[in-house]
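Here the structure comes first, spelled out in structure tokens, and everything after it is commentary.
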Amino acid sequence: MPDVRVGTSGWSYPSWRPGFYPEGLQPLEFLAFYAARFSTVELNTTGYRLPAEEQFRRWVEQTPDGFELAPKLPGHRLRGLDEFASRVRALGGRLGPVRVSLKSARDDGALELLLGSLDPSLRLAFDLEHPSWDGIEPRLAAYGAVRVGDLEHPAPFRYLRLRRPPYDETALRELATRIGALREPAYVYFRHEDEPTAPVYAQRLLELLVSEPGA
């Protein structure tokens with residue numbers, strides 16, 4: 001199997017009970033249940049409010065060795081970058097890639113400030129929504145960073161966010177084939193919906209990667 005981690009965008013969804021989480025499972029137990037089935041999750045809450053260091057430590061306590069949380073960093077908040085990096089370091093070995101979200105049009109100055117200010121040991125995945133950012137991939141790769149969704153340019157790892165459900169069996173098989181052919185480590189996250197479709201898609205993709213890697 002290729003070096004691929006598959007998960008969902010977040011985990012703390014009561015509406016996933018009982019379809020994914022068992023009936024009666026308490027929200028504080030959700031992460032441990034999730035982490036027993038997947039090896040990574042997107043940590044979107046950091047994009048709205050940076051939790052206290054104690055919260056990061058609690059997430060570590062609830063997850064096994066080898067599990068990774070991928071925190072979100074809003075790229076437009078250029079203040080507090082040092083605090084963000086310091087705080088997420090509390091995850092220790094559970095720290096996955098940091099997704100830097102930039103929704104605005106291309107701003108090379110802001111990008112250079114981010115790249116120059118963030119700890120270079122962090123694995124950065126830039127989520128660049130505006131098409132004016134097209135062509136920035138080589139600059140990111142030179143820094144050791146990647147663009148979310150890019151599978152074409154040379155990069156140290158891949159980061160995919162699957163945001164357009166539903167995904168039928170054909171779509172998942174095609175995705176497994178593309179991911180299975182990668183040489184780089186990859187992180188794949190399915191979008192949260194009210195129904196527990198995301199963990200179903202994630203589990204099926206993992207099954208396909210095991211049974212038909214690179215098919």
Side-chain angles (χ1 to χ4, degrees), residues 1-45 59-72 91 93-99 123 125 127 146-215:
M1 179 178 173
D3 184 8
V4 180
R5 291 176 179 267
V6 180
T8 64
S9 296
W11 73 87
S12 186
Y13 306 118
S15 63
W16 285 7
R17 184 181 50 194
F20 175 63
Y21 296 120
E23 188 71 53
L25 190 72
Q26 297 303 306
L28 289 177
E29 302 173 290
F30 284 0
L31 180 56
F33 182 92
Y34 175 100
R37 288 150 182 82
F38 302 106
S39 60
T40 188
V41 71
E42 280 195 321
L43 188 58
N44 291 324
T45 185
W59 287 326
V60 170
E61 294 169 357
Q62 296 170 38
T63 54
D65 290 343
F67 186 84
E68 293 186 15
L69 297 99
K72 175 183 177 181
L91 291 173
R94 309 289 198 278
L95 177 58
V98 174
R99 180 171 65 90
R123 290 171 291 168
D127 195 358
V146 304
R147 184 174 184 178
V148 171
D150 177 41
L151 294 180
E152 307 302 327
H153 299 83
F157 65 95
R158 307 294 178 178
Y159 192 115
L160 300 182
R161 306 188 78 226
L162 302 173
R163 321 307 293 165
R164 297 180 179 178
Y167 297 98
D168 60 18
E169 182 70 6
T170 298
L172 291 173
R173 285 184 177 275
E174 291 176 352
L175 180 61
T177 298
R178 294 185 71 195
I179 293 173
L182 294 174
R183 297 182 178 181
E184 308 82 16
Y187 294 80
V188 183
Y189 301 100
F190 286 91
R191 178 183 179 180
H192 153 257
E193 297 182 280
D194 289 339
E195 295 298 316
T197 54
V200 171
Y201 297 143
Q203 185 59 55
R204 182 54 182 154
L205 179 59
L206 285 171
E207 293 169 354
L208 291 168
L209 287 168
V210 170
S211 63
E212 306 176 32

Whether [X] side chain and [Y] backbone form a donor-acceptor pair below 3.5 Å:
X   : Y    : value
Q26 : G24  : yes
R94 : T63  : yes
S15 : D194 : yes

To the nearest 0.5 angstrom, please state how far the [atom1] atom of [X] sits from the [atom2] atom of [Y].
X    : Y    : atom1 : atom2 : result
Y189 : T8   : OH    : OG1   : 9.5 Å
N44  : R99  : CG    : CZ    : 5.0 Å
L175 : T170 : CG    : OG1   : 12.5 Å
D150 : R158 : CG    : CZ    : 5.5 Å
L151 : I179 : CG    : CD1   : 7.5 Å
Y167 : L172 : OH    : CG    : 8.5 Å

For the residue pair [X] and [Y], what are the closest heavy atoms and their distance?
X    : Y    : result
E68  : P97  : OE1-CD, 4.0 Å
G149 : L160 : CA-CD2, 3.7 Å
G96  : P71  : O-CD, 4.4 Å
Q62  : L31  : OE1-CB, 3.6 Å
T40  : F67  : N-CE1, 3.5 Å
P156 : E184 : O-CB, 3.9 Å

(request) Please test F38 against R5 for side chain to side chain contact (heavy atoms under 4.5 Å, CB included), starting from the C-alpha separation and ending with a verdict. (result) CA-CA 8 Å; F38 302 106; R5 291 176 179 267; over 6 Å; no
(message) Is it the case that over 12 heavy atoms from other parts of the model lie below 6.0 angstrom from the CD atom of E29?
(response) yes
(request) Would you please indicate if the ring centroids of F30 and Y34 are separated by under 6.0 Å? (result) no
(message) Between D127 and R147 (salt bridge meaning N to carboxylate O under 4.0 Å), is one present in this structure?
(response) no
(message) Does this structure show an ion pair linking E152 with R178, if we count only N-O contacts that are shorter than 4.0 Å?
(response) yes
(message) Distance to the ring centre below 6.0 angstrom and angle to the axis at most 45 degrees; does that hold for R161 and Y159?
(response) no
(request) Take E169 and R173 through the test salt bridge (Lys or Arg N to Asp or Glu O under 4.0 Å) and record every step on the way to the result. (result) CA-CA 6 Å; E169 182 70 6; R173 285 184 177 275; 3.1 Å; yes
(message) Quick one, F33 and P22 - any side-chain contact, counting heavy atoms below 4.5 Å?
(response) yes
(request) Please say which of K72, R163, E193 ends up in a side-chain hydrogen bond (donor to acceptor under 3.5 Å, both in side chains) with S9. (result) R163
(message) With side chain to side chain contact (heavy atoms under 4.5 Å, CB included) as the criterion, how do V200 and R204 come out once you've worked through the C-alpha distance, each side chain's angles and the decisive distance to 0.1 Å?
(response) CA-CA 6 Å; V200 171; R204 182 54 182 154; 5.6 Å; no
(message) Set out, in order, the CA-CA distance, both residues' side-chain angles and the distance that settles side chain to side chain contact (heavy atoms under 4.5 Å, CB included) for L69 and W11, then state yes or no.
(response) CA-CA 11 Å; L69 297 99; W11 73 87; 4.2 Å; yes
(message) Tell me whether the rings of Y201 and F190 are parallel (<30°), tilted (30 to 60°) or perpendicular (>60°).
(response) tilted
